[in-house]
2 protein chains.
Amino acid sequence: MAAFIREVEDVAMALRHAVLAALLDEELSGYQLAKAFGLGVANFWHALPQQLYAELARLERDGLVSGREVVQDTRPNKRLFTATDAGLAELERFAATANKPSFIRDDLLVKVQAADHVAAGALIEQLAERAAFADAKIELLGGLLRKMRGGMSEEEFLRHGERIGPYLTCLRGIAFEQGNRDWCRRSAAILEERRTAHARG
Amino acid sequence: MAAFIREVEDVAMALRHAVLAALLDEELSGYQLAKAFGLGVANFWHALPQQLYAELARLERDGLVSGREVVQDTRPNKRLFTATDAGLAELERFAATANKPSFIRDDLLVKVQAADHVAAGALIEQLAERAAFADAKIELLGGLLRKMRGGMSEEEFLRHGERIGPYLTCLRGIAFEQGNRDWCRRSAAILEERRTAHARG
DNA sequence: GACGAATAGTCAGATTCTTGAGTATCATGG
DNA sequence: CCATGATACTCAAGAATCTGACTATTCGTC
């Protein structure tokens, strides 16, 4: 009888690689990963806790990360994970594969697409909310950048700093949110002006 | 015996609303929708043909769009769809609901996150590719904007043009791709400089 | 001392999205 | 005349993601 060996698939599975990438520099628990991939820090991917715990289990099963139990008396025990050599090799393989273009998929844009046919008030409000959210995230990410830079200037860090990867993805996150904020504010202003012009007209 | 009535769910289902939004201004076939939601035009959402045909069937079943057969002798027959009044009402309801923040999910960012641990060459190449793709899309979308504006200046169109919704989402698409392009070029330059500095060092 | 929030994690189920393979007709170029 | 590609659409199956509900401990606070 042949043994059934579960082979690691060679398809995309970007979440798997996102988790691996996060575990290259830091040893993290599922819970910490979940916070990073939830609202906020990990600007290169987004996922829910359930996905991350499941992915960690698969990664450990496949030998791409290794976990160690940490006993805590003040909090529930936890397991900290790091990428193994096999994990790093898998990431290297992944880095050489083709990537599909990234597309926008956003509720708010759908609503704006329909702006000529729906109530302007709610839309303007939501655009303002989103802009505020973007501002908050920009500040959060700005703080992260400062922390990564330490004492260095940005130019110096970009030339000689270690761990440039997370810095670059963070920069993209900030630029994305700035674009978001600017577009939201501008669109809200335009819709507002058209609304009042129409009301007067 | 009670009749089983299939009620329209009140959950998010953004693809459904994206299709509805696209069918507000234009009468389109599934095939045309598929081209718009595939690579390129519809900057507010992305979907594959199979999803769109399935969604159109559901939308028609629920009375939110109506289709009419168009017989063609030069090409296969097609069905053109438009949003119904019920569809518009559904979109209005949707426009008033809360939206979840939009997150980036991008293979290339995952790879850049791991930039300190993987080969720089492939990464730089992919960043250049992505920048070129962004350039192409910017041009495509710029053309769309000009077409929508007709003879008007941008300022004039934003004030008085009809169908501002698609124009605004197109602006967001362009800004997104510009952000993408700039970040890709800058990141590639930084990685390149660090690589040559290391090689010399 | 009860209550909510944070830490740490798990399970089941449904929905959504992607992959892959088809059907059929007509136009165009070599 | 044959191959390629565009138009127009369908079916099945699997992977990824999301919703919602759970367990359990500890910290702060009212």
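In what follows, every chain begins at residue 1, and chains take the letters A, B, ... in the order their sequences are listed. Just the heavy atoms: all of them, side chains too, but no hydrogens, waters or symmetry mates, feed the values below.
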Check this one for me: any side-chain N or O of [X] less than 4.0 Å away from OP1 or OP2 of [N]?
{"X": "Lys35(A)", "N": "dT7(C)", "result": "yes"}
{"X": "Thr74(A)", "N": "dC27(D)", "result": "yes"}
{"X": "Arg105(B)", "N": "dC18(D)", "result": "yes"}
{"X": "Tyr31(B)", "N": "dC9(D)", "result": "no"}
{"X": "Tyr53(A)", "N": "dT10(C)", "result": "no"}

note = Picking from dT19(D), dT19(C), dC17(C), the nucleotide nearest the side-chain atoms of Lys100(A) would be dT19(C)
Whole angstrom is fine here: how far is it from [atom1] in [X] over to [atom2] in [N]?
{"X": "His46(A)", "N": "dT16(C)", "atom1": "NE2", "atom2": "P", "answer": "16 Å"}
{"X": "Met13(A)", "N": "dT19(C)", "atom1": "CE", "atom2": "C1'", "answer": "14 Å"}
{"X": "Gln72(A)", "N": "dA8(C)", "atom1": "CD", "atom2": "C1'", "answer": "9 Å"}
{"X": "Lys78(B)", "N": "dA6(D)", "atom1": "NZ", "atom2": "P", "answer": "17 Å"}
{"X": "Leu56(A)", "N": "dA8(C)", "atom1": "CG", "atom2": "C1'", "answer": "13 Å"}
{"X": "Leu15(B)", "N": "dT17(D)", "atom1": "CG", "atom2": "P", "answer": "17 Å"}
{"X": "Glu60(A)", "N": "dG9(C)", "atom1": "CD", "atom2": "P", "answer": "12 Å"}
{"X": "Gln51(B)", "N": "dA16(D)", "atom1": "CD", "atom2": "C1'", "answer": "12 Å"}

ask   = If you pin Pro76(A) and Gly30(B) to their nearest nucleotides in DNA chain D, which one's is more 5'?
value = Gly30(B)
query = Hey, which of these two, Leu48(A) or Arg75(B), hits DNA chain D nearer its 5' end, going by closest nucleotide?
reply = Arg75(B)
inquiry  = What's Gln50(B) touching, base or sugar-phosphate or nothing? Going by heavy atoms closer than 4.0 Å.
reply    = base
ask   = Should the pair Phe44(B) and Phe37(B) be assigned to parallel (<30°), tilted (30 to 60°) or perpendicular (>60°) ring geometry?
value =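 Ring orientation of Phe44(B) relative to Phe37(B): perpendicular.
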ask   = In terms of ring plane angle, is the pair Phe94(B) and His17(B) parallel, tilted or perpendicular, where the classes change at 30° and 60°?
value = parallel
inquiry  = Measuring only between side-chain heavy atoms, which start at C-beta, is Arg181(A) closer than 4.5 Å to Glu177(A)?
reply    =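 A side-chain contact is absent here, since even the closest heavy-atom pair is not under 4.5 Å.
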message = Just so I know, are the side chains of Leu171(B) and Arg186(A) near enough to count as touching, which here means a heavy-atom distance under 4.5 Å?
response = yes
query = Does Glu27(B) come within less than 4.0 Å of Arg68(B), counting only side-chain N to carboxylate O?
reply =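 Answer for the salt bridge query: yes.
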